[in-house]
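Numbering of residues begins at 1 and proceeds along the displayed sequence. All ligand and atom numbering here is 1-based and tracks the order in the structure.
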Amino acid sequence: MHIIRAQRIFDGHDLIHSRAVVVDGGRITALLDDAENALDLGDVTLLPGLIDTHVHLAFDAGPDPVARLDEDGLYERMHAAAQQHLAAGVTTVRDLGDKDYLAIKLAQEFTEGPEILSAGAPITSPRGHCWFLGGEAEGEEGIREAVRERAARGASAIKMMVTGGEMTPGSHSHLLQFTPAEIRAAAEEAHLHGLPITGHAHAGAGIAAALEAGFDSIEHVSFFTEDSVSHDHDLIARLADSGVFASLTVGLLPGFVPPPSIAPRIALLAEGMRLLHAAGVQIIGGSDAGIGPVKPHGILPYGGEMLVDFAGCTPTEVLRSFTSLAARACRVDDRKGRIAPGFDADLLAVEGDPTKDHRLLRRPAAVFRRGIRTS
Ligand SMILES: [Zn+2]
């Protein structure tokens with residue numbers, strides 16, 4: 001048993017009056033108003049370790065992560081990527097782009113790393129978005145079979161590429177990759193196995209199809225058209241009513257210069273985030289870490305910027321999105337995303353008060369995984 005003391009504790013929802021956390025066997029067993037004989041971290045805020053709901057451990061955040069997939073040492077690179085998340089205070093990652101179930105293997109073998117949840121390879125259409133990860137499937141039965149395989153292999157979620165995506169030549173962000181019946185089959189089969197399903201969806205039609213099929217969360221939610229962005233206000237209202245999680249793609253290194261295909265859309269993408277937040281849609285943050293040099297592993301703490309500047313979130317809302325809300329979306333809210341008795345002692349300490357300034361998340365003062373200090 002040991003006790004960790006901090007000037008402030010954010011419990012996943014709000015700052016609370018307690019100043020000390022009792023840890024035993026990797027879990028939080030009690031909160032105390034204050035404590036002596038504790039590991040005193042000083043003028044920091046202790047908060048639940050962050051949860052990045054969308055990463056790609058298999059992508060190396062280099063200029064051409066897809067080309068490197070086939071190079072030797074993929075598993076070792078994924079190990080290093082996981083380590084980078086943990087060092088940044090991201091104690092849980094959800095891998096939405098696995099290859100050969102390596103993220104699941106890593107989760108089993110790298111027990112001192114972050115908690116790794118994995119969807120296996122995203123289910124995609126033949127030669128569809130990210131087909132090179134190995135998740136091609138078609139037809140309702142083929143898709144159900146793909147879901148069953150992932151469930152049997154120990155996936156924590158199902159990911160479906162409902163629309164095309166930017167990084168795959170020949171796939172189109174503004175077009176659906178599957179029929180509504182195929183999308184429904186995926187959701188039904190995932191839920192039969194007790195797994196949440198998330199859909200990669202850029203186009204409004206894809207967002208609507210995922211919502212109608214009963215998906216638990218939707219990635220990107222960017223409302224792309226072929227050459228621009230077109231917000232569907234009625235659909236945004238329905239997203240809010242449904243309680244589905246919008247996993248917004250956030251977190252970039254400073255100095256990011258958008259590619260020519262995206263640059264003219266940035267203001268509209270920002271407006272989309274603002275509309276989603278204003279409508280009351282449940283917003284979580286997924287970094288898509290690994291897909292390029294501006295998205296190194298462990299970038300989630302930088303994601304507060306877009307949630308505040310674009311979506312209009314308060315810093316406290318950012319903290320909730322990255323902790324308790326993300327835990328609910330990933331269905332680990334019985335053990336993650338809160339500082340409360342019974343929860344895993346996955347903790348992050350940052351200097352100052354991040355409920356006043358989200359940028360403080362970028363400077364971890366201490367990280368604990370299952371109660372053990374890792375940095
Ligand atoms: Zn992704």
Indicate every side-chain donor-acceptor pair of residues 294-312 with a distance under 3.5 Å to a residue at least two apart or in another chain.
from: K295; atom 1: NZ; to: G251; atom 2: O; distance (Å): 2.6
from: K295; atom 1: NZ; to: S287; atom 2: O; distance (Å): 2.8
from: H297; atom 1: ND1; to: H85; atom 2: NE2; distance (Å): 3.0
from: H297; atom 1: NE2; to: H56; atom 2: O; distance (Å): 3.4
from: H297; atom 1: NE2; to: F59; atom 2: O; distance (Å): 2.7
from: E305; atom 1: OE1; to: R362; atom 2: NH2; distance (Å): 2.5

Legend entry - Cluster check I123, F215: I/L/V/M/F/W/Y, side chain < 4.5 angstrom: yes
Inset, instruction - Would you check if there is a donor-acceptor pair between the side chains of H202 and T163 at a distance under 3.5 Å? - result: no
Inset, instruction - Could you identify which residues cluster with L32, counting Ile, Leu, Val, Met, Phe, Trp and Tyr as linked when any side-chain heavy atoms lie under 4.5 Å apart, either directly or through a chain of such contacts? - result: M1, I3, V22
Legend entry - Nearby protein N/O/S atoms (those under 2.8 Å) for the Zn ion (ligand 1), with water ignored: H54 NE2, H56 NE2, D288 OD1
Inset, instruction - Flag yes if L269 and I283 sit in one hydrophobic cluster, no otherwise; membership is Ile, Leu, Val, Met, Phe, Trp, Tyr, and two members link when side-chain heavy atoms are under 4.5 Å apart. - result: yes
Legend entry - With S118 via side-chain hydrogen bond (donor to acceptor under 3.5 Å, both in side chains) - residues at least two apart: D98
